[in-house]
Colleague: 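Pasting a structure below so you can have a look.
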Amino acid sequence: MSKVMLVEDDDSLREIYSIRLTAEGYTIVTAKDGEEALAVAVRERPDLIVSDVMMPKISGFDMLDILRSTPETQNIKVIMMTALSSEDQRVRGESLGADRYLVKSQVGIEDVVNVVHDVLGDRAADGTINPSTPANDVAMPAVAETVIEVPTTPGPAAMPQTPVAPTPTMPAPASVPPAQPTSVPVQPTSVPVQPVEAATNPAVPGSPVDGAAGTVSPMA
């Protein structure tokens with residue numbers, strides 16, 4: 001889509017032209033004076049500049065002179081618009097490289113729109129308009145895609161690996177049957193008990209035991 005830059009210090013006129021040209025399918029960028037227009041032109045690279053002549057800071061003529069002497073902007077098409085109808089002004093504008101020179105009092109908004117189409121060359125023979133293909137667009141030849149191979153830095157040489165003998169697999173332990181309880185017969189021990197002879201206390205009278213010798217005295 002063609003891009004048109006409007007350079008106008010009158011806010012109302014700039015807005016009117018912007019709305020009308022946007023309706024025609026153009027992309028619009030704007031500037032309020034010649035100094036701002038130079039910066040926008042370098043940044044946006046419009047296909048066409050529609051500029052007033054009498055502006056603060058830098059006039060339209062000085063702006064045009066700088067545009068034509070700058071390689072980045074020298075091929076941009078320019079339509080100059082002024083309230084001055086003197087022939088000297090027209091000659092000066094054309095000598096600086098203006099593509100068209102219009103007097104505001106002699107043209108209306110539709111006349112400006114028609115001149116924009118004529119300068120951009122986007123009007124077909126049948127009157128249809130194709131603003132997406134301006135006349136100053138040049139088809140660029142297709143460029144074959146170039147693949148750049150980046151060499152890779154070889155890594156350290158792989159160290160030879162020493163073969164490792166496989167670890168023998170231990171056989172699973174055999175199932176051990178549970179221990180059977182051992183029955184040990186216990187033999188009863190028979191301990192003979194010796195009879196204990198009864199003894200009597202010799203201190204007790206009538207005891208049959210002799211207290212002196214510990215023998216049994218015969219009964220009288």
Side-chain angles (χ1 to χ4, degrees), residues 1-84 89-90 92-145:
M1 181 175 292
S2 299
K3 183 182 294 185
V4 177
M5 182 170 73
L6 299 174
V7 187
E8 174 63 61
D9 59 336
D10 189 314
D11 295 340
S12 298
L13 286 177
R14 189 174 62 253
E15 184 177 0
I16 291 172
Y17 287 126
S18 177
I19 293 173
R20 184 63 185 86
L21 291 174
T22 299
E24 292 294 307
Y26 296 114
T27 300
I28 305 299
V29 293
T30 62
K32 296 180 180 181
D33 54 62
E35 184 178 61
E36 183 183 1
L38 292 173
V40 175
V42 173
R43 182 178 70 250
E44 297 290 340
R45 304 293 179 87
D47 300 289
L48 171 66
I49 297 175
V50 180
S51 175
D52 190 13
V53 172
M54 304 300 295
M55 293 185 298
K57 297 183 180 181
I58 298 178
S59 68
F61 285 143
D62 293 336
M63 179 202 71
L64 178 58
D65 190 16
I66 296 173
L67 288 173
R68 290 292 180 251
S69 60
T70 303
E72 293 82 4
T73 59
Q74 62 183 357
N75 294 324
I76 298 176
K77 297 183 180 299
V78 179
I79 298 175
M80 300 301 298
M81 298 182 63
T82 181
L84 303 176
Q89 296 291 322
R90 179 185 296 274
R92 183 183 178 186
E94 292 176 354
S95 65
L96 290 173
D99 293 273
R100 295 291 178 88
Y101 188 90
L102 303 177
V103 179
K104 292 181 180 180
S105 60
Q106 298 175 359
V107 295
I109 182 65
E110 293 304 320
D111 296 322
V112 175
V113 171
N114 291 330
V115 172
V116 168
H117 286 304
D118 292 340
V119 172
L120 288 175
D122 55 14
R123 192 191 302 272
D126 58 356
T128 58
I129 298 170
N130 184 15
S132 61
T133 55
N136 59 344
D137 282 354
V138 179
M140 298 298 294
V143 180
E145 182 179 358

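When a residue number appears, it is its place in the shown sequence, counting from 1.
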Colleague: Would you say S2 and L48 make side-chain contact, with heavy atoms under 4.5 Å?
Modeller: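 No, every pair of side-chain atoms sits at 4.5 Å or beyond.
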Colleague: Nearest 0.5 Å, please: how far is CD1 in I49 from CD1 in I79?
Modeller: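 The CD1 atom of I49 is 10.5 Å from CD1 of I79, to the nearest 0.5 Å.
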Colleague: Give every residue pair that meets the salt bridge (charged side-chain N to carboxylate O under 4.0 Å, His left out) criterion with at least one member in residues 35-46, sequence neighbours excluded.
Modeller: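 Residue pairs passing salt bridge (charged side-chain N to carboxylate O under 4.0 Å, His left out), neighbours aside: K3-E44, E35-K57.
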Colleague: Go through the steps for M80 and Q89 under the test side chain to side chain contact (heavy atoms under 4.5 Å, CB included), then give the verdict.
Modeller: CA-CA 10 Å; M80 300 301 298; Q89 296 291 322; over 6 Å; no
Colleague: Partners of T73 by side chain to side chain contact (heavy atoms under 4.5 Å, CB included), sequence neighbours excluded?
Modeller: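 So T73 forms a side chain to side chain contact (heavy atoms under 4.5 Å, CB included) with A41, V42, L67, T70, I76.
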Colleague: When rounded to the nearest 0.5 angstrom, what is the spacing between CE in M63 and CG in D33?
Modeller: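 Going from the CE atom of M63 to the CG atom of D33 covers 10.0 Å.
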Colleague: Using residues 93-101 as the side-chain source, report each donor-acceptor pair under 3.5 Å to any protein atom, sequence neighbours left out, with the distance given to one decimal.
Modeller:
from: S95; atom 1: OG; to: V91; atom 2: O; distance (Å): 3.2
from: S95; atom 1: OG; to: R92; atom 2: O; distance (Å): 2.6
from: D99; atom 1: OD2; to: R68; atom 2: NH2; distance (Å): 3.4
from: D99; atom 1: OD2; to: V78; atom 2: N; distance (Å): 2.8

Colleague: Using 0.5 Å steps for rounding, measure from the CD1 atom of I16 to the CG atom of D11.
Modeller: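 Taking CD1 in I16 and CG in D11, the distance rounds to 11.0 Å.
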Colleague: Hey, could you give me the CZ/CD1 distance between R20 and I28, rounded to the nearest 0.5 Å?
Modeller: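 It comes to 11.0 Å.
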Colleague: Could you walk me through whether V113 and L21 pass the side chain to side chain contact (heavy atoms under 4.5 Å, CB included) check?
Modeller: CA-CA 7 Å; V113 171; L21 291 174; 4.1 Å; yes
Colleague: The criterion is side chain to side chain contact (heavy atoms under 4.5 Å, CB included); which residues satisfy it with N114, sequence neighbours excluded?
Modeller: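 With sequence neighbours excluded, N114 shows a side chain to side chain contact (heavy atoms under 4.5 Å, CB included) to R123, given in chain and number order.
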Colleague: Please identify each residue that fulfils side chain to side chain contact (heavy atoms under 4.5 Å, CB included) with L13, with sequence neighbours left out.
Modeller: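 Result, side chain to side chain contact (heavy atoms under 4.5 Å, CB included) vs L13: E8, D10, Y17, K104.
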Colleague: Run the side chain to side chain contact (heavy atoms under 4.5 Å, CB included) test against P71 and tell me which residues pass, sequence neighbours left out.
Modeller: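 Partners of P71 under the side chain to side chain contact (heavy atoms under 4.5 Å, CB included) test: none.
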Colleague: Atom CG of L64 and atom CG of L38: how far apart are they, to the nearest 0.5 Å?
Modeller: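 Result: 10.0 Å between the selected atoms.
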Colleague: Using every non-hydrogen atom in the two residues, find where G60 and S51 come nearest and quote the distance to one decimal.
Modeller: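 The pair with the smallest heavy-atom distance is CA-OG, 4.3 Å.
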Colleague: So for atom CD, which belongs to Q74, do other residues, nucleotides or ligands contribute more than 12 heavy atoms lying within a distance under 6.0 Å?
Modeller: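 Counting neighbours around CD of Q74, more than 12 heavy atoms of other residues, nucleotides or ligands fall under 6.0 Å, so yes.
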Colleague: For the atom pair CZ (R14) and CG (L6), what is the distance rounded to the nearest 0.5 Å?
Modeller: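 Answer rounded to 0.5 Å: 8.5 Å.
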Colleague: Applying side chain to side chain contact (heavy atoms under 4.5 Å, CB included), run through L120 and Y26 and close with a yes or a no.
Modeller: CA-CA 11 Å; L120 288 175; Y26 296 114; 3.5 Å; yes
